[in-house]
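A quick write-up on the structure given underneath.
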Amino acid sequence: MMKACMWVVLVLGLVLSAFAAPPSKPNLVRWMDYTEALKKAKDSNKLIFVDLYADWCVPCRIMDANTYSDPTVASLLNTRFYPVKLDVDSQDTITCDGKRKTVQRCYFDVWNLSVLPAFVLIAPNGLSIMTVKDSFTAEEMKYLLLQILDKEKEWISK
C-alpha cells in the first residue's frame with residue numbers, strides 16, 4: 001500500500017511539473033503602457049509591437065521566459081519598437097484602430113483574434129498593420145522582427 005501511494009505521488013508530481021511555468025529569467029524587455037506608446041509613436045514615427053497574453057496562457061509564459069529574455073530580441077524591441085504587453089482578459093479601455101474599447105473587445109472585435117500567444121503591429125498613426133497568432137522561439141522572433149523592420153519605412157509612410 002505504501003509503495004502504491006508513493007508511486008501515485010511521484011506520477012502526480014511529474015504530471016504537475018510538466019504544466020508548471022518555466023523558471024523566470026530577467027525581464028529584459030522594457031514593456032510600456034499602451035496609451036503612452038501610442039503618444040510616443042506619433043512623435044517619433046516608431047512602430048508599436050503589442051504582445052497579447054493571459055495569465056492562464058502557458059505558451060505565453062514560456063515566451064516570457066525564453067523568447068523575451070533573449071538579449072537580441074529584447075534589444076530589438078527596446079530600440080526599434082515601442083513594446084507593449086496587453087492582458088486579453090483586461091477590461092481597461094484603450095483606443096484600437098480609432099475605436100475606444102476594452103482590451104478584450106479589441107482582441108476579439110477589432111483585431112479578430114481568438115488564440116494566444118498573439119501579436120499586433122501598430123503604425124504610428126494608431127492603426128494596426130498586422131496580427132500574428134503563434135508562439136515563437138527567440139530565433140523565430142528575431143527573424144520576424146527583422147522582417148518587420150525591412151518593411152518599416154513602407155508601413156510608416158502610409
Before you tell me yes or no, could you show the steps for T102 and D92 under side chain to side chain contact (heavy atoms under 4.5 Å, CB included), namely the whole-Å CA-CA distance, both residues' side-chain angles and the distance that decides it to 0.1 Å? CA-CA 5 Å; T102 65; D92 292 343; over 6 Å; no

Sequence-distant partners of K85, salt bridge (Lys or Arg N to Asp or Glu O under 4.0 Å), two or more places apart: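 Counting only residues at least two positions away or on another chain, K85 forms a salt bridge (Lys or Arg N to Asp or Glu O under 4.0 Å) with D51, D64.
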
Centres of the F136 and Y143 rings: under 6.0 Å?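 Ring centroids of F136 and Y143 are no less than 6.0 Å from each other.
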
Ring centroid separation F49 to F119 under 6.0 Å: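 Yes: the rings meet the under 6.0 Å criterion.
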
Shortest non-hydrogen contact from [X] to [Y]?
X	Y	value
V84	A37	CG2-CB, 3.5 Å
A138	N66	CB-O, 4.1 Å
A74	L28	CB-CB, 3.4 Å
P83	R30	CG-O, 3.5 Å
L149	L76	CD1-CD2, 4.0 Å
A41	P124	O-CB, 3.4 Å

Consider only side-chain heavy atoms of I, L, V, M, F, W and Y, link residues closer than 4.5 Å, and tell whether [X] and [Y] are in one cluster.
X	Y	answer
M141	V132	yes
I122	L127	no
I129	I48	no
F81	W31	yes
L116	V58	no

Does the side chain of T95 pick up a donor-acceptor pair with the side chain of Y34 at under 3.5 Å?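 Checked: T95/Y34 side chains show no N/O donor-acceptor pair below 3.5 Å.
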
Are [X] and [Y] close enough that some pair of their side-chain heavy atoms sits under 4.5 Å apart?
X	Y	value
V88	W111	no
V103	Q91	no
N78	V29	yes
M63	Y68	yes

May I ask you to check whether over 12 heavy atoms, not counting those of R105, lie within 6.0 Å of atom CZ?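 More than 12 within 6.0 Å, yes.
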
Spacing of [atom1] belonging to [X] relative to [atom2] belonging to [Y], to within rounding of 0.5 Å:
X	Y	atom1	atom2	result
L47	L121	CG	CG	5.0 Å
N125	L38	CG	CG	9.5 Å
L146	K151	CG	NZ	15.0 Å
L86	I94	CG	CD1	5.0 Å
K40	Y82	NZ	OH	6.0 Å
C106	N112	SG	CG	11.0 Å

Set out, in order, the CA-CA distance, both residues' side-chain angles and the distance that settles side chain to side chain contact (heavy atoms under 4.5 Å, CB included) for D89 and W56, then state yes or no. CA-CA 10 Å; D89 293 326; W56 47 262; 2.8 Å; yes

Report yes or no: does S128 contribute a side-chain atom to a donor-acceptor pair with the main-chain N or O of M130 at less than 3.5 Å?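 Not at all, since once roles are kept as given, no pair shorter than 3.5 Å links the two residues.
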
Passes side-chain hydrogen bond (donor to acceptor under 3.5 Å, both in side chains), S114 versus Y107? Steps please. CA-CA 8 Å; S114 59; Y107 172 77; 5.7 Å; no

Salt bridge R80-E152, side-chain N to carboxylate O under 4.0 Å: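 Looking at E152 together with R80, the answer is yes, because their closest N to O distance falls below 4.0 Å.
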
In plain terms, say whether K142 and E139 are close enough for a salt bridge, that is, a side-chain N and a carboxylate O under 4.0 Å apart.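 Yes, K142 and E139 are salt-bridged.
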
Non-neighbouring partners of S75 that pass side chain to side chain donor-acceptor pair (under 3.5 Å), sequence neighbours left out: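 For S75, no residue satisfies side chain to side chain donor-acceptor pair (under 3.5 Å) once neighbours in sequence are set aside.
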
Run L113 and T131 through side chain to side chain contact (heavy atoms under 4.5 Å, CB included) and show every step you take. CA-CA 8 Å; L113 294 166; T131 58; 4.0 Å; yes

Working for side chain to side chain contact (heavy atoms under 4.5 Å, CB included), residues Y53 and D87: CA-CA 5 Å; Y53 76 97; D87 182 347; 3.5 Å; yes

